[in-house]
There are 2 protein chains.
Amino acid sequence: MVAVDTSLSERKLIILKAIIQNYLETGEPVGSRTLSKYTELNLSSATIRNEMADLEDLGYIFQPHTSAGRIPSDKGYRLYVDILMEEKEQEITEREDAMLEKADKVEKVLQQAARVLASNTNYATMVSAPVNSRNTLKFIQLSQVDQEQIVAVIVLGGNVIKNKIIEVGETLSNETLLKLNMLLNTTLNGMSIDQITLGLIARLKEQAGIHSEVIGHVLDAVAEIIHVEDDMKIYTSGTTNIFKYPELSDKQSAQEIISAFEEKQQLEDLVTETLASENDHAIQVYIGDESPVKNMKDCSVVTATYELGEGMKGTIGIIGPKRMDYEHVMRTLKTLQNELDAIYNKNPKE
Amino acid sequence: MVAVDTSLSERKLIILKAIIQNYLETGEPVGSRTLSKYTELNLSSATIRNEMADLEDLGYIFQPHTSAGRIPSDKGYRLYVDILMEEKEQEITEREDAMLEKADKVEKVLQQAARVLASNTNYATMVSAPVNSRNTLKFIQLSQVDQEQIVAVIVLGGNVIKNKIIEVGETLSNETLLKLNMLLNTTLNGMSIDQITLGLIARLKEQAGIHSEVIGHVLDAVAEIIHVEDDMKIYTSGTTNIFKYPELSDKQSAQEIISAFEEKQQLEDLVTETLASENDHAIQVYIGDESPVKNMKDCSVVTATYELGEGMKGTIGIIGPKRMDYEHVMRTLKTLQNELDAIYNKNPKE
DNA sequence: ATTAGCACTCCCTTGTTTTGAGTGCTAACA
DNA sequence: TGTTAGCACTCAAAACAAGGGAGTGCTAAT
């Protein structure tokens with residue numbers, strides 16, 4: 001995929017790059033005359049025209065209609081992102097003061113991240129909260145609320161807290177509760193959520209087996225709390241930025257994109273896809289049809305994975321028109337990714 | 001406000017009503033010829049024209065431009081909603097099978113409510129989660145997670161659970177913790193959140209005064225957990241329905257409305273306003289400028305308050321074009337309001 | 001009081017023309 | 001052989017013109 005098409009001469013590459021960059025700036029189809037001035041190689045428009053005809057044959061650019069200039073195809077953008085674009089890598093680590101302010105709750109930070117990203121790029125953005133299947137259990141406790149209710153509290157790494165009310169038919173004695181708590185803590189402490197299997201729970205039941213009925217019920221509830229995947233939280237911002245780009249502003253497109261942002265389902269798919277992809281910390285670019293979200297077939301989607309610690313991974317992403325400022329977007333995304341990665345270590349919990 | 005303008009003859013009212021109903025259906029300015037057929041009173045278009053001229057002078061209708069038909073003004077809609085509209089009250093209680101399915105989590109129910117409402121009406125909808133300032137405390141407990149962390153768990157009426165990790169400098173003895181828990185439970189149990197004032201906390205501090213420093217810190221934290229208003233959760237659905245109405249579909253309007261739905265702040269204001277209004281269980285209609293949310297000055301907003309029990313009130317609302325089907329909307333809203341009101345009693349916690 | 005009739009207004013649609021940016025091709029050129 | 005000037009051609013978009021039609025206000029007749 002990244003292999004350069006050998007049929008492309010140096011000059012064609014320069015011209016293609018010029019076409020794309022010009023189009024990114026203006027959003028207008030770019031013609032041969034414009035290019036003959038724009039490029040450093042001094043060629044007449046006629047020559048450029050010949051080259052452009054070739055580039056069109058090869059599928060990198062096309063005309064929206066006869067007698068119009070050319071615009072990049074998806075294939076063209078792909079080549080640009082993979083090869084042509086100059087990444088200003090060196091700057092990334094040094095420059096850029098923090099985008100995020102501290103905040104004590106993770107949710108706040110993530111919502112803020114989405115906002116910052118949107119205002120920095122003028123595109124629509126999303127940030128998914130980390131899912132924590134590889135997280136470990138730090139503490140577990142059952143307490144009697146009243147005659148018929150027990151509250152179970154579970155603290156995971158990163159100070160994620162889960163809890164639930166468990167309804168019990170009969171009152172449990174203090175003693176039983178104490179034993180149960182002991183048992184749970186000694187057995188489960190330090191284990192990752194993945195490790196706490198149904199088999200393990202079954203063995204616990206046996207060990208605790210005295211009033212098997214109630215206790216069995218309680219343990220089942222505990223297992224459920226631990227395993228129930230909190231449905232993925234996704235924060236969005238700047239959805240209306242898409243109105244800044246005419247190619248996405250018609251009713252049809254706007255409606256599709258915005259509803260994908262409201263009904264979060266599609267974004268969840270996007271996150272899943274991103275997290276599943278092999279090379280983790282890289283920035284991923286989906287151009288047009290490449291996007292896993294069908295509603296975004298006319299957009300480009302750029303995503304990155306961050307890690308709050310201990311396998312708690314989340315995704316940050318930007319959705320905009322295909323003619324998006326890839327350089328800037330990828331740089332900003334990388335910066336934010338770093339900040340989020342860092343946040344857990346430097347500021348474990350305020 | 002509800003007083004009928006005495007200058008309006010019976011006939012004018014009929015005509016006005018006809019104009020509005022016709023406009024609600026078609027969305028087109030309605031002219032005198034159309035009306036002379038549409039209305040039961042057999043009048044020629046000329047007569048109707050005279051009446052319409054009067055109605056325009058009185059500010060109930062206006063022309064978008066000379067030589068166009070008339071459309072209702074905000075004042076016209078107001079009159080319609082207050083007086084002209086026929087509410088089919090009787091049906092409400094009997095008919096209508098349940099819109100909501102049971103679900104164990106409140107959030108799910110509310111999200112579903114928003115969805116149902118949107119698909120039933122073809123407008124944009126919002127449902128706010130109840131705020132619980134008048135809720136009472138059922139149970140409170142502090143537990144040691146590790147050397148430096150305590151987790152505080154608080155259970156409120158309706159099984160709302162709040163919790164937080166508290167960082168402590170030094171380890172607290174089991175004994176101290178036990179005493180603290182006793183103290184907290186005996187003092188605070190059954191109190192409403194409003195009642196737990198800073199003064200009360202100060203008195204508690206004195207009573208517990210032994211290791212004043214750490215304990216003071218912990219008690220402050222507890223007070224904070226109790227009082228920190230969970231930021232209002234608002235569920236939305238069908239935002240993109242606004243694209244079905246041309247008068248709201250231009251970039252400008254669409255952008256304003258949609259961003260109000262994304263950045264929830266304005267919706268929160270709307271909820272606050274609704275909840276603050278005196279007559280609680282009534283349906284409220286805001287037409288155009290009447291809306292507390294400035295971004296919705298070209299819309300109509302219809303809201304209702306539901307009560308999950310014990311002063312836990314939330315708001316459901318519909319946002320659409322001024323020419324909205326008020327009857328249907330208000331009826332649907334009322335039905336849903338009843339269902340939500342009932343849900344807590346019939347199905348306290350599944 | 002109502003209505004028929006008429007002149008007038010103004011938006012909207014439709015068709016026509018003009019403009020201009022851009023292309024492809026051919027022939028001349030270095 | 002690669003490059004360029006020149007020219008005819010295309011097509012979208014803008015500008016313009018004309019007609020139709022829905023609607024109004026006013027006047028005069030019923």
Side-chain angles (χ1 to χ4, degrees), chain A residues 7-16 18-23 25-73 76 246-247 249-250, chain B residues 7-16 18-23 25-73 76 246-247 249-250:
Chain A
S7 55
L8 284 180
S9 66
E10 184 71 12
R11 196 169 70 178
K12 281 197 175 57
L13 285 176
I14 294 177
I15 291 176
L16 179 55
I19 292 174
I20 296 180
Q21 285 184 335
N22 194 294
Y23 184 68
E25 284 171 24
T26 65
E28 301 285 311
V30 14
S32 53
R33 255 184 71 80
T34 319
L35 281 178
S36 77
K37 295 167 195 164
Y38 194 88
T39 51
E40 50 273 27
L41 19 94
N42 284 335
L43 292 176
S44 77
S45 59
T47 314
I48 307 246
R49 272 204 290 287
N50 290 328
E51 296 286 48
M52 286 169 87
D54 292 352
L55 283 171
E56 177 155 14
D57 287 343
L58 293 168
Y60 292 105
I61 53 180
F62 68 98
Q63 298 180 276
H65 58 83
T66 0
S67 90
R70 305 302 212 291
I71 65 183
S73 67
E247 63 265 49
S249 296
D250 63 303
Chain B
S7 54
L8 283 182
S9 67
E10 184 71 12
R11 197 169 72 177
K12 281 197 175 59
L13 285 177
I14 294 176
I15 291 176
L16 179 55
I19 293 175
I20 295 180
Q21 285 184 336
N22 194 293
Y23 185 68
E25 285 172 25
T26 65
E28 300 286 310
V30 14
S32 52
R33 257 185 71 83
T34 319
L35 281 179
S36 75
K37 295 168 196 163
Y38 194 87
T39 51
E40 50 273 28
L41 20 93
N42 284 335
L43 293 175
S44 77
S45 59
T47 315
I48 307 244
R49 272 205 289 287
N50 290 328
E51 296 287 48
M52 286 170 86
D54 291 352
L55 282 170
E56 176 154 15
D57 287 344
L58 293 168
Y60 291 106
I61 54 179
F62 68 97
Q63 298 180 276
H65 58 82
T66 358
S67 91
R70 307 301 215 288
I71 66 183
S73 67
E247 64 267 49
S249 297
D250 61 302

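Below, chain A is the first sequence line, B the second, and so on; all start at residue 1.
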(request) Let me know the distance between CG of A/Leu43 and P of D/dA5, rounded to the nearest Å. (result) 11 Å
(message) For the CG atom of A/Leu43 and the CD1 atom of A/Ile15, what is their distance to the nearest 0.5 Å?
(response) 6.5 Å
(request) Starting from C1' on C/dG22, measure out to NZ on A/Lys37 and report it in whole angstrom. (result) 13 Å
(message) In whole Å, I'd like the distance from the CD atom of A/Glu28 to the C1' atom of D/dA12.
(response) 12 Å
(message) Determine whether a donor-acceptor pair (N or O, by modelled atom type, separation under 3.5 Å) exists between the side chain of B/Ser73 and the backbone of B/Gly59.
(response) yes
(message) Test: salt bridge (charged side-chain N to carboxylate O under 4.0 Å, His left out). Region: residues 63-72 of chain A. Which pairs qualify, not counting sequence neighbours?
(response) A/Glu56-A/Arg70
(request) Rounded off to whole Å, could you give me the CD-to-P distance for the B/Glu51 and C/dT3 pair? (result) 11 Å
(message) Without decimals, in angstroms, what is the distance between B/Ile71 CD1 and C/dC11 C1'?
(response) 15 Å
(message) What is the distance, to the nearest angstrom, from the CG atom on B/Asn42 to the P atom on C/dA4?
(response) 12 Å
(request) Check each of A/Ser32, A/Ser36, A/Ser44 against A/Arg49 using the side-chain hydrogen bond (donor to acceptor under 3.5 Å, both in side chains) test, and report the only one that passes. (result) A/Ser32
(request) Could you pull out all residues at least two apart from B/Arg33 that satisfy salt bridge (Lys or Arg N to Asp or Glu O under 4.0 Å)? (result) none
(request) For the residue pair A/Leu16 and A/Ile61, establish whether any side-chain heavy-atom pair is separated by less than 4.5 Å. (result) yes
(request) Report the distance from atom CG of B/Leu41 to atom P of C/dA1, rounded to the nearest whole Å. (result) 17 Å
(request) Give the B/S/- string for nucleotides 13-30 of chain D, one per nucleotide from 5' to 3', where a protein heavy atom under 4.0 Å of the base yields B, of only the sugar-phosphate yields S, and otherwise -. (result) ---------BSBB-----
(message) In this structure, how many angstroms lie between the P atom of D/dT3 and the CG atom of A/Asp54, rounded?
(response) 12 Å
